[in-house]
Amino acid sequence: MRCHIVIAAVFWSVCVDSRKIRGISLSYKRFYRERKSFLCIDGSKMIPFEHVNDDYCDCEDGSDEPGTAACPGGRFYCTNLGFRPHYIQSSRVNDGICDCCDASDEYNSHTHCPNSCSNLGQRERADVQGQMRTLDEGLRLKQQLIEEGVLLWREKQAQLRDLQQVAEDLQIKLEEHRRRKREADRLKEQTLKALETANGGLRRQNSTVTSMFQILDSNKDGSLTVDEVQANVAFIQDEERVLSEEEAVALLGGGHQMDLSMFQHTLWNSLRTGDSVKIKGPHGAPGSLVEDDPNMKAAERAAQREASSLKKVEEAYETANMEISDLRMKLTIDYGTDWEFLFLNSQCYQLKVYEYTYVLCPFNQVTQKSAVGTEVSLGKWGMWAGTPENQYSQMRYESGEPCWQGPTRNTMVTLTCGTETALRSVKEPSKCQYIMDFQTPVACQPVLKQRGIHSEL
């Protein structure tokens, strides 16, 4: 009889211990020390200890039934030795489905659950080792890119200094060419005034009746003919047209010739007033003297030459200033604490997703190109948008082209650690809002290595 009592006591002790331990993590074991009473973890109720794991929910927080499905809000702890421990909802305990890899959640069901924790742990450890190798290689490549970034930054600074010196030299040349052009223009103006003065004297000379008659009398026979009038006289409104015979006869007073006396009382008056007709050539057009004068031609060529030289220097000066402005803008961008992201500037990476090709140009813009060649802006460089712990983990591109009846397009680019620099994925989780996964060695962080890409194994 005493032997039966001892056996029963031992069996009861094992049951209590089993109920006490099942579904509890080591960190919560202190709440379940065997005693006469059990205090619900939320402190709301005291119950007899034998009511723990008795498949009846006594505590509002479900803490008295960690190993059964009695409490709707309860949690069951999967120890999963060899793999990662985790919690499941108590409602899944003994439901005939294996949730814990160590099969501890199906301790009182007819389902046979093999313990797969060891295999899962081995696979995860292999994955972690692969990630660690990738991280090691990524950090090695990142260090190279940091060194290249420092050199590139110095090159950009030197390039800026050189451009500034070029701009200063061009400014000096610009002032010199402007002075030379002013001098050439002044010489041209002086030559023109001298010719106009000389031409005015010629016009005064031609203002006498006799001198004008002699100009028209080409063969110097003392009379003007129809042919001579057609050759030397033109209508002011149509200088290029040759007078018809009838028009020439009309100017000759109705005849086919006239002498000086008749000229003085007819054609001379029309030529002197200049209302309808004029003498062709330099005698009737003062400007032609200017155009044909060799000094004037030389002055014009010199002025044109100086104007052309000035324009070239102005264009070079403008180009240099544009390059300076562009380079200054690039140098104001945050390329990381060690300029490790500088190499991405002026680079573009693309990825084809179905009928679209997405192009990411870091620190510039993001575009989407359709199969027919239509290109749409998905945003321009805005800012770093990562977490306070790692602000360089995300890029924000904003103010892209507006969507039809929607917002403007924006793109968030998440940088992930990898041994290559490439655009890995593009998604549109909401209308005109895009997310991209951009892999690059410079996204690898030593803190990941220090944590060992933490996994509870």
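For the numbers below, each heavy atom of this structure counts, side chains included, while hydrogens, waters and symmetry mates do not. Please read these numbers as outputs of a predicted model, since none were measured by experiment.
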Do [X] and [Y] have side-chain N/O donor and acceptor atoms under 3.5 Å apart?
| X | Y | result |
| --- | --- | --- |
| Gln368 | Tyr358 | yes |
| Ser63 | Asp42 | no |
| Asp169 | Gln165 | yes |
| Asp227 | Thr225 | no |
| Ser104 | Asp102 | yes |
| Tyr397 | Asn410 | no |

Using atom types as modelled and distance alone, determine if a side-chain donor or acceptor of [X] lies under 3.5 Å from a backbone N or O of [Y].
| X | Y | result |
| --- | --- | --- |
| Glu106 | Cys113 | no |
| Asp127 | Gln129 | no |
| Ser90 | Gly74 | yes |
| Glu355 | Ala371 | no |
| Ser393 | Asn390 | yes |
| Ser377 | Gly400 | no |
| Asp105 | Cys100 | yes |

Original post:
So among Thr421, Thr419, Leu139, which one has a side-chain contact (heavy atoms from CB on, under 4.5 Å) with Pro441?
Top reply: Thr421
Subject >> Pairs where residues 316-343 contributes a residue and the test salt bridge (charged side-chain N to carboxylate O under 4.0 Å, His left out) is met, not counting sequence neighbours >> reply: Asp326-Lys330
**OP:** Keeping to residues at least two apart or across chains, list the salt bridge (charged side-chain N to carboxylate O under 4.0 Å, His left out) pairs with something in residues 410-436.
**Re:** Glu420-Arg424
**OP:** Could you walk me through whether Arg84 and Glu124 pass the salt bridge (Lys or Arg N to Asp or Glu O under 4.0 Å) test, one step at a time?
**Re:** CA-CA 9 Å; Arg84 287 180 287 106; Glu124 183 166 89; 2.8 Å; yes
Ignoring hydrogens, what is the shortest heavy-atom contact between [X] and [Y]? Give both atom names and the distance.
| X | Y | answer |
| --- | --- | --- |
| Pro362 | Leu344 | CB-CB, 3.8 Å |
| Val229 | Leu252 | CG2-CD2, 3.6 Å |
| Gln433 | Pro407 | NE2-CG, 3.8 Å |

Subject >> disulfide (SG to SG under 2.5 Å) pairs, two or more places apart, involving residues 145-188 >> reply: none
**OP:** Return the set of residues passing side chain to side chain donor-acceptor pair (under 3.5 Å) with Ser430 (not counting sequence neighbours), or none when no residue passes.
**Re:** none
Are [X] and [Y] close enough that some pair of their side-chain heavy atoms sits under 4.5 Å apart?
| X | Y | value |
| --- | --- | --- |
| Glu315 | Lys311 | yes |
| Thr367 | Val376 | no |
| Val249 | Val226 | yes |
| Gln89 | Arg75 | no |
| Ile215 | Asn232 | no |
| Val366 | Tyr434 | no |
| Gln391 | Thr387 | no |

Subject >> Distance flag, aromatic centroids of Phe76 and Tyr87, threshold under 6.0 Å >> reply: no
Original post:
Does the gap between the ring centers of Phe341 and Trp384 come in under 6.0 Å?
Top reply: yes
**OP:** Can you tell me which residue pairs pass the side-chain hydrogen bond (donor to acceptor under 3.5 Å, both in side chains) test with a partner in residues 171-180, sequence neighbours excluded?
**Re:** Glu175-Arg178, Glu176-Arg179, Arg180-Glu306
Original post:
Cys78 and Cys101: sulfurs closer than 2.5 Å?
Top reply: no
Original post:
Are Cys348 and Cys361 within a span of less than 2.5 Å, counting SG to SG?
Top reply: yes
**OP:** Could you pull out all residues at least two apart from Glu228 that satisfy salt bridge (Lys or Arg N to Asp or Glu O under 4.0 Å)?
**Re:** none
Original post:
So how far is it from Glu137 CD to Cys417 SG, rounded to the nearest 0.5 Å?
Top reply: 10.0 Å
